[in-house]
Amino acid sequence: KKNILYFQSTALKIKNLKIKNNLTSNMGGGIFLIKTSNSNFSNVIVQKNKATYGGGIFSYSCNNNYYDYCSISSNNSIGEGGGISAKGGNIYIQNSKINGNYATNSNAGGACFYRAPNEGAINAYLKNCQITGNKANGDGGGIRLARYRSGQTTGLGGSRTDAGLMITLSIYNCTISGNYATLSGGGGVQAYSDGTTDSYIDIVNSIIWDNSSTKLDNEVKWRMKYSILNVARPGVANIVEDPLFANAPSYMQAPFSDGDYSIPSACSPAFNSGDSKVSPIPSTDILGNNRFIEAIDRGAFENQGASIEEGTRYYVSSNGTGDGTSSWSNASNDLQEVINKATCGDEIFVAKGVYKPNRKANNLTSISPNHVDNSFTLKSNISLYGGFKGFESNPFQRNLSDTTNRTILSGDFLNNDIITYDNLGLPTFINNSENANHVVVISNSLNVIMDGFTIQNGRANGDNSLT
């Protein structure tokens, strides 16, 4: 077979092994596996190997093979799967780095190529993995799952899928970034399906950011939640916001094996924002650190207790004429403008009075007076305090029981609302057709403090969209 390590129908336990600088004209530059089951690879480094298929590893019809704390890097395939090429079976990879691999064929799969054989399916599981800096001269800069049938192709930035028989890809607490596909399909996670069978890609508590493509295939069932994505996707609690990696090279530099994809700042939207109720949740991160410091982070790395540093204080007053910085005497009268320029750790003091939203929730840069889609739209990691007379220097100096100090956020643009009550105390509203649909919007924003406000006179007369 002309492979460096060749295993067939064998239950393996391989530990603390380094496989480097090997070459084959066939499959599996470092390791070739055929029909092995219940095998375990732990602390194995597969580096700088080259093959036609599976630059580092080629796996055929292997069931329940586990890779734990492995490094698969800087391998090259002339055909499919720069790092790993697998045909059929169940493959579990956890606590591992797959980076800097290169597939030069158009079928590609820079990091991993998973293929369902005619007689079966393939199930791939990735948990606590870093898949970064891989490149494909075709589709699937990161991962490609494939079943060769006629059909359309599209993708989602790091992994590509061609689905005929049942194919599943499960991604939990992974970081997929900086992967490059030279074609349009799948810099990070991409899918191709003829739609004849159900195929699923689950993405949970993960970060898929700064890959070369962000397309999706509607024939594959994408189930995404509590993840950070380059573009908005259907799902639960997904956000589009820079994860603030420590040091992440651009995908344009791929293939590369360097970079630091940890999240050292508590200002990262990944910090403490994952879902700790889904299963399976890893108890440690890719480095073996405890996952549950306060709450679980998104991505492969768990921040080990950083806190948000105190930022800038801004001031807002209904009769302000300044830019909101330094003191009450320089207070701004535009609350949304101040929110827009606030960053992580900043706080905003808002004096007593009535404030009305002047920008649409989906266009916060342009003023649109008295529009029903206007709202006060908040962002992550900022604190807003109301109820000030306009001289205080600390929220504890407020007297919130004094109704003359109320800070009111109102959706009644024309000041003409009439509210009456029947004998049961039920209200009737008159003259509110022009009111804001949503007075305040907090959409996919984390760690927001809002203290000392009265929110009133909204009229939600539509669906659950922002506009």
Side-chain angles (χ1 to χ4, degrees), residues 83 93-94 96-99 101 108-112 114 124-136 139-145 154-161 168-181 184-192 200-217 220-246 248-252 254 256 259-263 268-271 273-275 278 282 285-286 296-301 444:
I93 304 177
Q94 60 186 14
S96 297
K97 294 184 179 181
I98 308 173
N99 51 20
N101 300 286
C112 305
Y114 297 113
Y125 303 86
L126 296 165
K127 183 173 68 173
N128 273 348
C129 287
Q130 174 187 323
I131 301 173
T132 56
N134 301 284
K135 183 177 181 179
D139 293 324
I143 307 164
R144 183 181 183 191
L145 280 75
T154 51
L156 161 82
S159 167
R160 171 185 170 116
T161 306
T168 61
L169 171 62
S170 300
I171 299 173
Y172 286 81
N173 279 101
C174 290
T175 297
I176 301 175
S177 182
N179 300 290
Y180 184 29
S184 61
V189 180
Q190 193 268 352
Y192 162 73
Y200 300 89
I201 296 180
D202 292 315
I203 301 174
V204 180
N205 287 344
S206 294
I207 301 173
I208 302 177
W209 188 261
D210 191 36
N211 300 286
S212 64
S213 174
T214 57
K215 293 183 179 179
L216 277 179
D217 182 359
V220 171
K221 292 178 174 59
W222 298 82
R223 301 181 295 201
M224 294 176 279
K225 58 183 179 179
Y226 288 88
S227 293
I228 296 176
L229 309 171
N230 267 106
V231 293
R233 301 295 187 194
V236 178
N238 299 310
I239 57 178
V240 179
E241 191 173 344
D242 189 340
L244 303 179
F245 294 130
S250 167
Y251 68 82
M252 293 297 293
F256 58 83
D260 182 352
Y261 291 86
S262 63
I263 50 167
S268 168
F271 180 68
S273 66
D275 185 1
V278 298
D285 72 355
I286 189 172
I296 194 169
D297 293 348
R298 306 184 192 202
F301 296 87
N444 291 326

Subject >> Evaluation steps, side-chain contact (heavy atoms from CB on, under 4.5 Å), between Y226 and V236 >> reply: CA-CA 6 Å; Y226 288 88; V236 178; 3.9 Å; yes

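- The backbone N or O of Y200 sits nowhere less than 3.5 Å from a side-chain atom of T168 that would complete a donor-acceptor pair.
- Between the CD atom of Q130 and the CD1 atom of I176 there is a distance of 10.5 Å, given to the nearest 0.5 Å.
- From N99, atom CG reaches atom OG of S177 across 11.5 Å, with rounding to the nearest 0.5 Å.
- The minimum heavy-atom distance linking G110 with A136 is given by the pair N-CB, 3.8 Å.
- The two atoms that bring D242 and P269 nearest to each other are O-CD, 3.1 Å, heavy atoms only.
- The minimum heavy-atom distance between G133 and A254, with the atom names listed, is O-CB, 3.8 Å.
- Of the inter-residue distances, the one linking M252 atom CE with K135 atom NZ reads 8.5 Å to the nearest 0.5 angstrom.
- Between the N128 side chain and the P282 main chain, no donor and acceptor come within less than 3.5 Å of each other.
- In this structure, Y180 and Y251 have tilted ring planes: the angle between them lies in the 30° to 60° band.
- Heavy atoms only, all atoms of each residue included: A270 and I263 are closest at CB-CD1, 3.7 Å.
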**OP:** Begin with the C-alpha distance, continue with both residues' side-chain angles, and end with the deciding distance and a verdict on side-chain contact (heavy atoms from CB on, under 4.5 Å) for T175 and F245.
**Re:** CA-CA 10 Å; T175 297; F245 294 130; 3.7 Å; yes

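- We find the CD1-CG distance between I286 and N173 to be 10.5 Å, quoted to the nearest 0.5 Å.
- R298 CZ to I207 CD1: the interatomic distance, rounded to the nearest 0.5 Å, is 8.5 Å.
- Between Y261 atom OH and C174 atom SG the span is 14.0 Å, to the nearest 0.5 Å.
- When all heavy atoms of L229 and W209 are compared, the pair lying nearest together is O-CZ3, 3.3 Å.
- Of all the heavy atoms in G141 and N134, the pair that sits closest is O-CB, 3.2 Å.
- Checking side-chain atoms of N238 against main-chain N and O of S227 turns up a donor-acceptor pair under 3.5 Å.
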